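Notes follow once the structure below has been shown.
Worth saying up front: this structure is predicted, and the values here are computed from it rather than measured. All chains are named by letter (A, B, ...) in the order of the sequence lines, taking the proteins before the strands, and each is independently numbered beginning at 1.
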Protein chains: 2
Amino acid sequence: MLTRGKLATRTGCNIETIRYYETIGLIPAPARTASGYRTYGDEHLRRLNFIQRARSLGFSSEQTRGLLDLTEAGGNKTRADVKSLTEEHIDEISEKIKDLQKIKKRLKQISSFCDGSAKSASTCPILESLFDDS
Amino acid sequence: MLTRGKLATRTGCNIETIRYYETIGLIPAPARTASGYRTYGDEHLRRLNFIQRARSLGFSSEQTRGLLDLTEAGGNKTRADVKSLTEEHIDEISEKIKDLQKIKKRLKQISSFCDGSAKSASTCPILESLFDDS
DNA sequence: CTAAACTCTGTATTTAGTACAGAGCCAAAC
DNA sequence: GTTTGGCTCTGTACTAAATACAGAGTTTAG
């Protein structure tokens, strides 16, 4: 069983943010000790890790909640519901991956140009391409 | 030349957010008409598109500024500076791509399970795996 | 020419955290 | 066994990143 501080250090999450996630319902209210200290278990650890990853990838709290809800859709959602929701998320994620790959490709061009013989970065014509859509 | 509203509709960016990006210096202050209306050009369009993409991929305003600065490092940065900065960004982006691919893989498992014969989503044992790290 | 639609500035509100203050709890060092 | 430093508790205040709104001026389309 973990205390709030331990959960924070193990996940790299700010200790206050954990309380915040509890108030907005992203993580369930944990059990408490007799004196009122929160006690977390492995489910909290895994859930919080996932939330952090999702947030760092540009999903809002609500979208993250949506992803998490897929795991506990349980009683009120049918297979078909879950499937179509899931596929929407897959599409969204595929788009994100594509965008990141575009940016990465551009950055690699920049990096390899900077191996060349130009005197300073200001003479780099590739940089401008960072903005293009292709 | 674009008005602020046109720029907003062409980029899908909220009209107020454009003004906000100007005040924090993410986009340069545009030229103005005699009566004070902002007039934007193609550079603004491309820059704003890039900013939106970067933000939706989980980069903070500061990180986004860092990516943009690579394009105009010009006078004050050497090739070596730009190269190492760029490579840090590449690593970060590679991590994001990996994370997204993990989540995508899990979601695909969920989706294909939901094609199966289980009666409801609640009986889906794969969902739980969304939290794992592998 | 005038009314709708747009823009201007400044300020207020929302979302997603993060920080701080004052009080209580707990463990290990004396 | 008590004290003291470090933790937790709650509530509130603050920051960042937008987003919304109000009141005044401007542009444009009928």
Go along nucleotides 24-30 of chain D 5' to 3' and tag each nucleotide: B for a protein heavy atom under 4.0 Å from its base, S when only backbone or sugar atoms are that close, - otherwise. -BBS---

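Between the B:His89 side chain and the B:Thr86 main chain, no donor and acceptor come within less than 3.5 Å of each other. A donor-acceptor contact shorter than 3.5 Å is absent between the side chain of A:Ser111 and the backbone of A:Leu107.
Counting heavy atoms from C-beta outward, A:Arg106 and B:Phe50 have side chains that stay 4.5 Å or more apart.
We find that B:Arg65 and B:Glu62 are joined by a salt bridge, their nearest charged nitrogen and carboxylate oxygen being less than 4.0 Å apart.
Of the residues in residues 2-19 of chain A, A:Asn14, A:Glu16, A:Thr17, A:Arg19 come within less than 4.0 Å of DNA chain C through at least one heavy atom, sorted by number.
To the nearest angstrom, P of D:dA16 lies 15 Å from CD of B:Gln63. We find that OH of A:Tyr20 is positioned 18 Å from P of D:dC14, with the value rounded to whole Å. Rounded to a whole Å, the CD1 atom of B:Ile24 is 16 Å from the P atom of D:dT15.
The shortest non-hydrogen separation linking A:Ser94 to B:Lys104 is OG-NZ, 3.0 Å. The two residues A:Glu22 and A:Ala29 come nearest to each other via the heavy atoms OE2-CB, 3.7 Å. Across every non-hydrogen atom of A:Leu26 and A:Ser61, the tightest pair is CD2-O, 4.0 Å. Heavy atoms only, all atoms of each residue included: B:Arg4 and B:Tyr40 are closest at CA-CE1, 3.7 Å. In terms of heavy atoms, A:Gln63 sits closest to A:Gly58 at OE1-O, 3.9 Å.
Under 3.5 Å, the side chains of B:Lys96 and A:Ser56 contain no donor-acceptor pair of N or O atoms.
When DNA chain C is scanned in the 5' to 3' direction for atoms under 4.0 Å from non-hydrogen atoms of chain A, the outermost contacting nucleotides are C:dA16 to C:dC26.
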